[in-house]
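Residue indices begin at 1 and follow the sequence shown.
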Amino acid sequence: MRKRKWTILALFCIPLIAVLVIQSLLSYGTVPIGGTMRLLDSYAVGMMEQTVENRKITLENNMVQHWMEVSEFEEKITRELNSLLSSNRTSVEDFLGDSVLQKSFCRIQPCPACTSSGKMR
């Protein structure tokens with residue numbers, strides 16, 4: 001029998017392929033074993049919680065800003081409401097139950113902060 005000669009290509013390729021296979025198996029195995037998916041999930045949850053918190057803060061700031069604008073016109077709003085109530089000879093309780101009166105009060109536009117395109121915010 002003739003002894004097979006190992007070529008230089010075979011001497012380099014076989015160990016290189018074996019190392020690449022082992023390396024890829026190790027890399028693939030570290031994802032489930034190392035907890036990478038759990039870590040990514042916790043990061044995603046943390047980012048979502050941070051987004052919710054940021055939106056909450058933004059909403060609170062917008063509400064405070066809106067009510068500050070309304071408070072600047074508090075006297076005018078009160079005067080207009082009292083005028084509407086006295087002209088219609090009605091009480092606050094009746095006003096709260098009457099949507100027609102409420103809509104007419106909204107049309108008065110006592111302050112720019114109360115309206116957005118003619119509707120209550």
Side-chain angles (χ1 to χ4, degrees):
M1 267 204 184
R2 197 170 135 198
K3 199 174 190 184
R4 185 174 170 190
K5 284 188 170 181
W6 289 89
T7 62
I8 293 176
L9 183 65
L11 286 173
F12 285 114
C13 284
I14 292 174
L16 186 61
I17 290 172
V19 167
L20 286 174
V21 168
I22 292 170
Q23 188 176 23
S24 63
L25 289 174
L26 285 174
S27 296
Y28 181 74
T30 58
V31 171
I33 294 171
T36 304
M37 297 307 287
R38 249 180 309 150
L39 187 63
L40 289 175
D41 283 342
S42 69
Y43 284 162
V45 168
M47 287 173 48
M48 188 62 71
E49 288 173 351
Q50 188 65 38
T51 301
V52 168
E53 183 66 25
N54 287 345
R55 288 182 181 172
K56 176 185 165 200
I57 291 170
T58 302
L59 181 61
E60 286 175 356
N61 288 341
N62 288 342
M63 288 174 59
V64 167
Q65 179 65 34
H66 174 72
W67 285 111
M68 286 179 67
E69 290 173 6
V70 169
S71 68
E72 293 174 6
F73 295 95
E74 181 180 1
E75 186 179 318
K76 184 177 180 184
I77 292 170
T78 304
R79 193 177 39 226
E80 292 289 340
L81 181 60
N82 287 334
S83 171
L84 180 71
L85 292 176
S86 63
S87 68
N88 288 307
R89 294 189 177 115
T90 186
S91 66
V92 175
E93 291 80 20
D94 294 334
F95 172 78
L96 293 175
D98 190 352
S99 62
V100 175
L101 278 177
Q102 291 175 6
K103 287 179 183 175
S104 67
F105 182 68
C106 289
R107 281 189 226 108
I108 294 173
Q109 297 180 2
C111 71
C114 295
T115 59
S116 173
S117 304
K119 297 179 182 174
M120 291 294 283
R121 282 188 184 172

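In this structure, CE on M68 lies 6.0 Å from CD on Q65, to the nearest 0.5 angstrom. Taken to the nearest 0.5 Å, the OG atom of S87 stands 10.5 Å off from the CG atom of N82. The CG atom of L25 sits 11.0 Å away from atom CG of L20, with the distance rounded to the nearest 0.5 Å.
Shown here is Q23, whose CD atom has no more than 12 heavy atoms of other residues, nucleotides or ligands within 6.0 Å. A 6.0 Å sphere centred on CG of L96 holds more than 12 heavy atoms belonging to other residues, nucleotides or ligands. Atom CG of L26 sits in a crowded spot, with more than 12 heavy atoms from other residues, nucleotides or ligands closer than 6.0 Å.
Proximity of I57 to E53: side-chain heavy atoms (C-beta onward) are separated by under 4.5 Å at one or more points.
Annotation for L85 and S91: closest pair CD2-O, 3.8 Å, computed over non-hydrogen atoms. Here the shortest heavy-atom pairing between L101 and L84 reads O-CD2, 3.8 Å. Across A10 and P15, no two heavy atoms sit closer than the pair O-CD, 3.9 Å. A pairwise comparison of heavy atoms in Q102 and F95 identifies NE2-O, 3.1 Å as the closest pair.
Using a distance-only test at 3.5 Å, with no hydrogens or angles considered, no donor-acceptor pair links the side chain of S83 to the main chain of R79.
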